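These notes concern the structure reproduced below.
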Amino acid sequence: MEIYEKYNGIVSSVCHGRAGIADLKTQDGKYLVSGKKISGYPTAFENTKAKYYKNFPFDMTHRLKQHGADFKVGAQGKPFMVKDGRVITGQNYASSAVVAKEIIATLAQLDSDK
């Protein structure tokens with residue numbers, strides 16, 4: 001959050017990595033994801049009866065929505081990325097390249113704005 005707030009940096013995640021940003025708060029105490037378009041692997045695509053799913057600490061789709069995120073989902077198995085300001089997220093591992101390219105483009109834009 002220091003990089004995001006103090007240095008005008010980027011917060012990004014892909015797939016289940018959105019669990020790492022779901023509970024982040026800004027200095028004013030609001031959730032970072034509140035009011036932002038966010039993507040990640042949706043619960044609807046999970047095998048909720050599988051053993052691995054039982055190890056998740058929380059339902060990630062629900063948590064993001066609970067914290068005010070505008071959760072966006074693309075076609076299953078296809079790359080899908082959303083950018084909302086300096087928050088860049090991808091739906092699944094197939095989205096990694098498009099997310100990385102958007103991060104690079106955003107960094108270039110931020111640098112040119114200086």
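In this text, all values refer to a predicted model and were calculated from it rather than measured experimentally.
The two residues Ser39 and Phe80 make their nearest non-hydrogen contact at OG-CD2, 3.5 Å. When every heavy atom of Ala94 is checked against every heavy atom of Gly77, the shortest pair comes out as CB-O, 4.3 Å. Summarising the geometry of Ser96 relative to Val14, their closest heavy-atom pair is OG-CG1, 3.8 Å, with the distance given to 0.1 Å. Closest approach of Thr89 and Lys37 over heavy atoms only: OG1-O, 4.4 Å. Nearest heavy-atom pair, Ser95 versus Pro79, reported as atom, atom and distance to 0.1 Å: OG-CA, 3.5 Å.
Remark: Lys83 NZ is packed, more than 12 non-hydrogen atoms of other residues, nucleotides or ligands lying under 6.0 Å away. For Phe58, the CZ atom counts as densely surrounded, since its 6.0 Å shell holds more than 12 non-hydrogen atoms of other residues, nucleotides or ligands. Within a 6.0 Å radius of NZ in Lys54, more than 12 heavy atoms belonging to other residues, nucleotides or ligands are found.
A distance-only check finds a donor-acceptor pair linking the side chain of Glu5 to the backbone of Gln27 [under 3.5 Å].
Hydrophobic clustering (side-chain heavy atoms under 4.5 Å, transitive across Ile, Leu, Val, Met, Phe, Trp, Tyr) keeps Val82 apart from Ile10.
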**Request:** Assess whether side-chain contact (heavy atoms from CB on, under 4.5 Å) is satisfied between Asp23 and Arg63, documenting all intermediate values.
**Result:** CA-CA 8 Å; Asp23 293 330; Arg63 177 72 60 99; 2.9 Å; yes

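Between Gln109 and the choices Thr106, Asp113, Asp111, the side chain to side chain contact (heavy atoms under 4.5 Å, CB included) rule is met once, by Asp113.
A distance of 4.5 Å separates OG1 of Thr43 from OH of Tyr53, quoted to the nearest 0.5 Å. Note that CG of Asn92 and NE2 of His16 are 10.0 Å apart. Values are rounded to the nearest 0.5 Å. Rounding to the nearest 0.5 angstrom, the gap separating the NZ atom in Lys72 from the NZ atom in Lys36 is 14.0 Å. With values rounded to the nearest 0.5 angstrom, Leu107 atom CG is found 10.0 Å from Glu102 atom CD. The distance from atom CG of Leu110 to atom CG of Asn8, rounded to the nearest 0.5 Å, is 5.5 Å. How far CZ of Arg18 is from CD of Gln91: 9.0 Å, rounded to the nearest 0.5 Å.
The hydrophobic cluster around Val33 extends to Met1, Tyr4, Val11, Ile21, Leu24, Tyr31, Leu32, Ile38, Tyr41, Phe45, Leu64, Phe71, Val73, Val87, counting ILVMFWY residues whose side-chain heavy atoms fall within less than 4.5 Å of a member.
With sequence neighbours excluded, no residue forms a ring pair (Phe, Tyr, Trp, His ring centres under 6.0 Å) with Tyr7.
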